[in-house]
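Model, not experiment: these values are computed from the prediction. Reminder, nothing fancy here: chain letters follow the sequence lines and each chain counts from 1.
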Amino acid sequence: MASQQLATGALLRYLHGNTEEKAILQVVGIKTIDSKTDDPPTGTKRYRLMLSDGKSTFSSCMLGTQMNHLIDNHSLKENSIIRIQRVMVNTIDKRTGRVMLMIYELEVVESDSKRIGDPVALPLSDIINSGSSSNLSGKVSNYQTKKDDNEEVFLATASNRSAPATTAAPPSTTNVTHQGSTTLDDRNTPKKTTSDSTCATSKGNNAIDKERITNIDKLNPYMNKWTIKARVSSKTQIRTYENPRGPGKLFSCDFVDQSGEIRATAFNVECDKIYPLLEVGKVYYIARASLKPVNRQYNKLNNDFEMTFNYDTCIEACDAGEGDNIPQIQFNFIPISEVANRAANSVCDVIGVVKSTSDIQTIMGKTSQKEFHKRDILLVDENASITATLWAKQAEEFDGSSHPVIAFKGIKVGDYNGRTLSSVNSTLICQDPPETSRTMELRVWFDREGKTMDLPDLSKGSDVANRQAPFKTLAQIIAEGLGRGDKPDYINVKALLTIIKKDSAVYMMCPEKGCGKKVVDENNGMYRCEKCNKNYTNFEWAYMLSAEISDATGSQWINIFCHEAEALLGISAKKFGSYRMNQNESIIDDVVNKAMKHERVFKLRAKVDQFNVEERKVRFTCIHVSDVDWAPNARRLIDEIKQMEPMLL
DNA sequence: CCCCCCCC
């Protein structure tokens, strides 16, 4: 690889904060460093890299421990060519402004390579670069003469340097500039010590670095210095708990910035200290809290990590106006129709127009024997409607009389009578949220046509296609005794049609709308319906298929009625009936055989046959049939697997 | 380190 293929100047661009670039660089030195006792707590080893962009080298490049394996398995070594995927600038020394690069993600482009070019170490003036003018104070020159040990090691191993770091220009001559850097006057502004800020630590000199703000979506447990600037989008009450280790208390809150969201929790001492500092809707600088992988069972925010406030956590309220660019909330809306594909008890963000609102109702909790207040609202969007239940204060305070656009963040999916939504404590209810164009879209749509449209209601069990059903094998259905309970069971089965009773596939149905009963051919041009107790001059063909479906585990006879039979056979009952009348057997065989060619997903209702109570024979009725297409179910299956995970562990 | 969130 030729030297011009390295991203010349990239190291400096990174240090100046342009960290989006995915630069091709060369590793010219690797050093193992002792892990500090506090980070990471497991004592995992850390690697420090010296990187070259062909022209310059920079040695303070920490490798994120999740990338350690690349070195451990020898694919990343001295002279390897890499592509930086994710990098961040961190200040190592607040006093001097000395920075380092954190390499969170890289790709080895070429494992074995020769040294490229003749790079020299970046001058110190370029690497003391935190953007705060206080870094340009006299203290830096003291530092300048004092190389740290790691630096010396690298200087010794990197070949052909002509300009060691110590020959760098004095800091006062640097032209390093920073957006948003403070003025010299700012230096002397006394630190705010108002009640809306805390540095839980007594280390007063360890102030928040407001110049280097990390985006929330870039936070991870492997970085040790970061500050976020974020708005509190929600905050719980303080709750107490009791576990084997004793009693405790906690509260949690959610932070948002333009990049994402993260949940933070405070326990006990921090709970008391931090709870009064954080106000919903306000913007804060947060530094030095613990980060850990998210527990998906409880935290559904769009972030792989969650935050715990600790003794060292620093929180400072943003000055008025300073946080105006930080959004109020992060929504990940799904259309109402998509709620049909979500697992019960999962949570989601939904936006819609309030079509109607119920009165407040008081109900008695089954186990708790406590009274609860609830209010149902019918929420609609362009394609579907769903009932959302609000509880307690949210229910009491809700006024939907003006048909507002309402956004729910973190509302729970229920499966009563199809699909419902139920607000929980952490659910945010936002009226006419300004941060999404959906508000206006829905407003215009509803006022123009939505208010009079009749849309499928996910919360009506009669909309049977919306009903959710677990996937089972035919053997599981028998083994689990599905359909033998008081209420019907609904199951999806992936199976093949193996037998269709073609001779009884259609029957002569009463022409009276909604009757559906079989008529008797009086053989005089009249057809008699016993149910209506009437003779008709005509009848309609209707499907009532008796068929066997099979999968790898067994087979089952099922009944298939009009709509589903038509979907399966591909022709109308009327047409099938006419072939039957004309005894056109070859066409009928053709139609039937085609229907048995490929696997489908049969949604079945399993219920004890009412006419055979003694035998308790379960009758299976096909209520929906679809092609085997996993895509519409993928999200729900993923949700279900996620919910199972804790049980499997 | 919590993790409850209700009714037909």
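We find that A/K210 and A/E322 are not joined by a salt bridge, their nearest charged nitrogen and carboxylate oxygen being 4.0 Å or further apart.
When the C1' atom of B/dC7 is taken as reference, atom CD1 of A/I363 falls 3 Å away, rounded to whole Å. Protein atom CG of A/L301 is 15 Å distant from nucleotide atom C1' of B/dC2, rounded to whole Å. Taking atom CG of A/D415 as the reference point, atom P of B/dC8 lies 15 Å away to the nearest angstrom.
Remark: the A/D217 side chain and the A/S259 side chain contain an N/O donor-acceptor pair separated by less than 3.5 Å. Using a 3.5 Å distance cut-off with no hydrogens or angles, the side chains of A/D254 and A/S234 do pair a donor with an acceptor.
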Atom pairs, N/O to N/O, protein against nucleotides 3-5 of chain B, distance under 3.5 Å?
from  : atom 1 : to     : atom 2 : distance (Å)
B/dC5 : O2     : A/N425 : N      : 2.5

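Results of the side chain to side chain donor-acceptor pair (under 3.5 Å) test with A/S290 over A/T265, A/N310, A/T313 single out A/N310 as the only residue that passes.
Contact record, A/Y284 with A/E279: OH-N, 2.7 Å, taken as the closest heavy-atom pair.
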